[in-house]
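Presented below is the structure to which this report refers.
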Amino acid sequence: MTDGSVYVFGLDGVPPELVDRGIDAGRLPNFERMRAEGTDGTTRSTVPPLSMIAWSSFATGRNPGNHGVYNFMLKEEGEYGTNFVNADTLREQSVPVWEYLDAEDKRSGVMNVMPGYPPSRTSGFHISDNITTPSSGSYAFPDELQRDIEERVGEYDVDPYEGYDDGSDEGNLKGLLDNFFEIESNRIEVAKLLVEEYPCDFYSLVFSGPDNILHVLGHVLDETHPKHDPDVAARYDDEPLELLELYDDLLGWVMDRMDDEDTMMVLSDHGHGPVYQTINLNSWLYNAGYLELESRPWTRLKQFGYNHVYDAVETVMSELNLFSKLKMGVARTNGDGSGPDFAELLTISRRDIDWSQTAAFTVASGGQIYLNTGDHREGAIPEHEYDQVRERLREELLAIEHPERGERVVDSVLYGEDVYGDEYADTRPDLVCMPAPGYQIQYPQTMKTKRVFADPPKTGSHTSQHEMHGIFYAWGGPVESETGVTVDLTDFAPTACSLLDVPVPEEMDGEVRDDVVDVRAERERFDGKVKTKRAVREVVGELGED
């Protein structure tokens, strides 16, 4: 336990080997200092290693099965409907660490931890993330913080995915990178403002720039990638390290201002690697006889469109820097009840599936499969056949080969109960497929029933078990001198509680890492305090509106 503050910096998607390369080249002196004077190692991600699931586990200290956020899209219990995740989803099902700290009168500062919209109304400040925040939404709490940021730093961009394509067009690639660097430089200035003038006991500040850049540079960094161009690589392969240098400078700036009892931890939620091919899992399920579509005209028209027209439309929209923005906008309308559900209207959606003839289906990317069991409205699998159908499906998934290369596409297929906790067992996937390196399991709504494999929309990603580990560094007064440790994403919240002399909630699955920091842990159940605080803030908020 200490009397100091805890600073946690998240660098989304940074692979350990990239930081190693920067340290070896002498370009990341503050990372090198943390390694020499503190603890370094890796952070173990969630299964699958997707940012929405990963940061939810980081925030709550819980396994996905115990906070209920399995993906960007969540399936409704016993139903086929889905909803796009936001911060209310997480708060309704679990408790982020900053709410536990708030119940113990500790101030927290949060920036860009997904899901972050709407922002938490706890003491300190909260800035929402770039995925769940609508363009018209207020992204900061307290309200005056947004005005302060925009007056003193400039516009804070909560939607940096415009023009997000595979990056293989060099002109577009340069524009993308310039845009990402501008966004991250701005966020670094915002982070300095927050640290300097909004004092908190706990800071959790996340930067999504590395993930953005590595998604579009897979073909640049990997010489064996089918889209690799040596001339383009020579001009852009240093961009990831240049970005890390900006963060390294920020870390040094914070280290210079830390007191002897303060602690800094730096992590990434997963790694990164190249992607050569995607597999559309719903298309595979359709062709393998596990999923059937309705025969109605609108469904057949959409099916024809995706098989014969979609690629041309996607190419044009990507060239206009509109495709990814449109795709995210469509996804956000799914199940939010605020207007037309474009995901239902334009994609091969739940309403296009003949559930009476469907045994298995997916609701988002990441390789998670649900079986259409008897607890669903039109369940097609009787309880006594569940194990048999699931095992047969698992074996067939493991046997998938690329039609041209003849190599296995799926590295492993895991049982949902072996991967996740039990609190939200009614909405957890039955199987989780982890693709082989170089493959990605892509969004199912754009399913082409005549084609299972396709070129990836992005040349880099983090979908296989080879991208399961991110970076971990710790530095400061209470930090031990260790190297090569592996920290789970669920360990950060309980460790932060102990550092701030707050009992660790019994509901957290993670461990207090007393091998990394000099603390002793005390466990306590105090969800009641959090509920009381929530109720008080809700009443105060309503009075303020009146």
CD of Glu522 to SG of Cys497: how many Å apart, nearest 0.5 Å? 12.0 Å
Hey, mind stepping through Tyr156 and Tyr139 against ring pair (Phe, Tyr, Trp, His ring centres under 6.0 Å) and telling me if it holds? CA-CA 9 Å; Tyr156 183 91; Tyr139 62 78; 5.1 Å; yes
Salt bridge check: are Arg27 and Glu242 linked by an N-O gap of less than 4.0 Å? no
Please evaluate residues Tyr247 and Glu184 with respect to the criterion side chain to side chain donor-acceptor pair (under 3.5 Å), reporting the C-alpha separation (whole Å), side-chain torsions for both, the decisive distance (0.1 Å), and the verdict. CA-CA 9 Å; Tyr247 303 130; Glu184 291 306 281; 2.7 Å; yes
So does Glu189 pair up with Arg152, basic N to acidic O under 4.0 Å? no
Note: Arg513-Asp491 ion pair, threshold 4.0 Å (strictly below): yes
Name all residues meeting the ring-ring contact (aromatic ring centres under 6.0 Å, His included) criterion together with Phe58; count only those two or more places apart in sequence or in a different chain, and write none if there are none. Trp55, Phe492
d(Asp249 CG, Leu244 CG) to nearest 0.5 Å is 11.0 Å
Given Leu217, which of Leu176, Leu177, Asp222, Asn212 fulfils the side chain to side chain contact (heavy atoms under 4.5 Å, CB included) condition? Leu177
His215 vs His462, test: side-chain contact (heavy atoms from CB on, under 4.5 Å). Steps then yes/no. CA-CA 9 Å; His215 270 303; His462 42 88; 3.4 Å; yes
Which heavy-atom pair separates Pro118 from Ala87 by the least distance, and what is that distance? O-CB, 3.5 Å
Under a 4.5 Å cut-off applied to non-hydrogen side-chain atoms, are Val69 and His67 in contact? yes
Write down the atom of Gly218, the atom of Thr459, and the distance for their closest heavy-atom approach. N-OG1, 3.1 Å
Is any side-chain N of the basic residue among Arg35 and Asp20 closer than 4.0 Å to the acidic one's carboxylate O? yes
Pair Arg107 + Asp201: basic N to acidic O under 4.0 Å: no
Working for side chain to side chain donor-acceptor pair (under 3.5 Å), residues Thr278 and Gln440: CA-CA 5 Å; Thr278 64; Gln440 179 185 37; 5.7 Å; no
Restricting to non-hydrogen atoms, name the atom on Gly116 and the atom on Asp129 that form the minimum distance, rounded to 0.1 Å. N-OD1, 2.6 Å
How close do Gly65 and Tyr70 get, heavy atom to heavy atom, and via which atoms? CA-OH, 3.4 Å
Output for pair (Lys75 NZ, Gln368 CD), nearest 0.5 Å, gives 12.0 Å
side-chain contact (heavy atoms from CB on, under 4.5 Å) between Arg62 and Glu423, intermediate numbers included: CA-CA 11 Å; Arg62 299 186 188 185; Glu423 187 168 345; 4.1 Å; yes
Lys/Arg N to Asp/Glu carboxylate O, Lys106 vs Asp102, below 4.0 Å: no
Verify, without hydrogens or angle tests, whether Thr263 (side chain) and Gly4 (backbone) share a donor-acceptor contact under 3.5 angstrom. no
Working to the nearest 0.5 angstrom, can you tell me the gap between Met264 CE and Leu251 CG? 5.0 Å
Take Asp269 and Ser51 through the test side chain to side chain donor-acceptor pair (under 3.5 Å) and record every step on the way to the result. CA-CA 7 Å; Asp269 58 326; Ser51 294; 3.0 Å; yes
Which atom of Pro115 lies closest to which atom of Asn86, heavy atoms considered: CB-C, 3.5 Å
Can we call the ring centroids of Tyr473 and Phe31 under 6.0 Å apart? yes
Using a strict cut-off of less than 4.0 Å between a Lys/Arg side-chain nitrogen and an Asp/Glu carboxylate oxygen, indicate whether Arg33 and Glu37 qualify as a salt bridge. yes
Is Asp24 salt-bridged to Arg21, cutoff N-O under 4.0 Å? no
Is there a donor in the side chain of Asp40 and an acceptor in the side chain of Thr483, or the other way round, less than 3.5 Å apart? yes
Met111 and Leu194: which non-hydrogen atoms are nearest, and at how many Å? SD-CD1, 4.1 Å
Does Glu239 reach the side chain of Phe181, with side-chain heavy atoms less than 4.5 Å apart? yes
Once ring-ring contact (aromatic ring centres under 6.0 Å, His included) is applied, do any residues pair with His126, and if so which ones, sequence neighbours excluded? Trp98
